[in-house]
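Report on the structure given below.
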Amino acid sequence: MNIITIKTNPFSDQKPGTSGLRKKVRVFKQAHYLENFVQSIFDTLADNQSVLQGQTLVVGGDGRYYNKQAIQIILKMAAANGFERVLVGQHGIFSTPAASHVIRKYAALGGLILSASHNPGGPDADFGIKYNISNGGPAPEKYTDAFYQRSVEIDYYKIIEHADLNLDQTGVSRFADMTVEVIDSVEDYAELMQELFDFNTMRSSIANGDLTFRFDAMNAVTGPYANTILIDQLGAPSESVMRATPLDDFGGCHPDPNLVHAHELADMMMQADAPTLGAASDGDGDRNMIVGKNAYVNPSDSLAILAANAHLISGYQQDLSGVARSMPTSRAVDRVAKELGIDCYETPTGWKFFGNLLDAGKITLCGEESFGSGSDHVREKDGLWAVLFWLNIIAIHKQPVKDIVDKHWQKYGRDYYSRHDYEALDSDIAAQLFEALIAKLPGLAGQSFNGYTITQADEFSYQDPIDGSISEHQGIRIFFDNDSRIIFRLSGTGTEGATLRIYLEQYEADASLHQLDPQMVLSELIIIAETLCQVKLLTGRNEPSVIT
Ligand code: VG1
Ligand code: CO
């Protein structure tokens, strides 16, 4: 094997964010940029594991522009760094949850997932890479910090000279001294779904026409998964899956499953002849949006409804061990946990914080307000899993989505919720705004704004209950005496300027007040949020870029 050691200079900007390293494609395409980061990961792993020899690495991505080229580079570097075996998804494709499952199933050391998730793709758009550890989950902070430390001092990387691998053909081949297996991207994942859900129940509801749905794969990675599972295995008509071919620029669309970016689906669900369920997932298949006929399901509510109905699903008939949500996610799932008598954990934003709780068996289900939900079946959020969960619930209840949601609110009350994002702000202005907000926190408790009195104002810091590690500065929390909250965070996934997220939440127990427009119910909190952070005033923006 002809290993070449290439001299390189470090880049200063390879600090992973909420979910891996995300940059513009043109940044990733700079000479040595990808190689430096990959070598930083391998060097860190070699330190921890002493050797990479004998180890398996999983590689795949969401099919976006630069996916295949990056995989060829990674294969050559994995061989040079001594990996025994690499498992690659056919055509270079793995959804994030499928990669997580493959890492676990084949006892790999870890995996490299190439994706910038819901960010747009194409030569002028975004690329990303993240490392998942042997439990299948995103590398925790102690790893990502170490990758970054290594990246700022790296001065060489190792690669072999080798012809590119044919990624389109499944099978085992030798790649210098390493074994490479190109495996079907869907098969293992589809098997796992069959273990969890009642395929017979769903199949008969679909066959007799009780259950109809439209799934929007958004020209992204879940297309092949949805075709196999929803069409071939559940027998749904082929038009039930739309935009099913993964395109390297997602057809010029933004693969972010919300009412704005999946507007065709959203419009369809407001028609008189809408199917029972509308659903969409994001670029890498870990997010989900759920819409019923005339009924958008807020992701925080979706998590709570899944928890409340889990006992009906064959894979979750054992009692849930506990649940978890990210801090800015609404407290709807807390109310279900209380009723079930189980623990509910509150973690910082990002799936990596659920890993320890899942591994320790403390939680079965978890989720985030950002269209993410999942369970202990993998160590990532899982878009199609959530869609199957909903299809399964509907097939059992034989009720429209709206009725399921309304009944849930009648029992638990409704947590009115909305997130306002101000994207691509000038980074300096955003940093100043955030600092000013932090400076204000000590004086806020006791202050009243139009009848809303602040009871507590602080920065969220988290101590992992399993390994004791502490993560600070995880968002600003403002609590009010009427059980409402405002949270402020700066995004850790954007690739342009800074993105400010404002999360607004107000609880309503009275069922006669459950059918109101969230923006109206939250209007007072929206005004208070502006008074506190002055984002409009400081940036000249009139309104948020995205409201979900
Ligand atoms: C966002 C979401 C967060 C999610 C992360 C990765 O992070 O808010 O909940 O875990 O994206 O999701 P941030 O730091 O921009 O708020 V994905 O589907 O982009 O991997
Ligand atoms: Co994603």
Side-chain angles (χ1 to χ4, degrees), residues 15-23 61-64 94-100 113-121 125-132 137-141 144 217-218 220-222 225 250 254-258 261 280-289 299-300 303 324-330 346-355 366-374 378-386 417 419-425 430 434 460 471 473-476 487-503 545-546 548:
K15 191 172 173 55
T18 312
S19 181
L21 183 68
R22 290 186 194 174
K23 299 282 174 197
D62 64 9
R64 71 179 58 224
F94 271 138
S95 74
T96 287
S100 181
I113 303 176
L114 308 166
S115 170
S117 191
H118 57 288
N119 296 11
D126 294 352
F127 190 73
I129 174 167
K130 66 174 174 173
Y131 181 72
N132 281 29
E141 279 185 329
T144 52
M218 303 192 87
V221 79
T222 44
Y225 295 85
F250 308 118
H254 202 129
D256 194 354
N258 58 40
H261 296 301
S281 65
D282 69 334
D284 63 332
D286 56 356
R287 296 187 178 205
N288 73 89
M289 177 177 72
S300 298
L303 173 64
R325 61 164 170 84
S326 67
M327 183 275 283
T329 303
S330 98
E346 183 180 50
T347 59
T349 294
W351 213 261
K352 59 189 169 209
F353 295 103
F354 294 132
C366 46
E368 298 190 278
E369 49 65 40
S370 53
F371 300 86
S373 37
V378 289
R379 293 294 180 271
E380 286 278 7
K381 54 187 185 276
D382 191 342
L384 258 183
W385 169 89
Y417 190 86
R419 187 176 101 182
H420 290 196
D421 292 336
Y422 290 83
E423 294 178 344
L425 299 177
F434 218 73
F460 181 53
S471 303
H473 311 296
Q474 299 296 326
I476 290 173
I487 311 291
F488 299 92
R489 269 186 75 248
L490 289 174
S491 155
T493 57
T495 56
E496 229 175 289
T499 293
L500 175 69
R501 304 200 194 286
I502 305 177
Y503 310 78
S545 333
V546 184
T548 47

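In listed order, ligands and their atoms are each counted from 1.
Salt bridge present: Glu346 and Arg325 bring a charged side-chain N and a carboxylate O closer than 4.0 Å. One finds no salt bridge joining Arg501 and Glu369 here, because no Lys/Arg side-chain nitrogen approaches an Asp/Glu carboxylate oxygen to under 4.0 Å.
For Ser117 atom OG and Asp282 atom OD2, the angle they make at the Co ion (ligand 2) is roughly 90°, to 10 degrees.
At a 4.0 Å cut-off, not a single heavy atom of Glu423 sits close enough to ligand 1 to count as contact. The closest approach between any non-hydrogen atom of Arg22 and ligand 1 is below 4.0 Å. Residue-ligand proximity: Lys381 is placed with a non-hydrogen atom under 4.0 Å from ligand 1. Under a 4.0 angstrom heavy-atom cut-off, Gly372 registers as lying outside contact with ligand 1.
A distance of 4.0 Å separates CZ of Arg287 from NE2 of His118, quoted to the nearest 0.5 Å.
Residue-level proximity to ligand 1 for Ser491 is carried by backbone and side chain together, each with a heavy atom below 4.0 angstrom. At a 4.0 Å heavy-atom cut-off, ligand 1 touches Asp286 through the side chain alone.
Side-chain N or O atoms of Arg64 include one that pairs as donor or acceptor with a backbone N or O of Pro120 at under 3.5 Å.
The nearest protein atom to atom 9 (O) of ligand 1, hydrogens excluded, is given as Ser370 OG, 2.6 Å; this is a heavy-atom distance.
Of all the N, O or S atoms in Asp286, the one closest to the Co ion (ligand 2) is OD1.
Side-chain contact check for Thr493 and Asn119: no donor-acceptor pair (N or O, by modelled atom type) lies under 3.5 Å.
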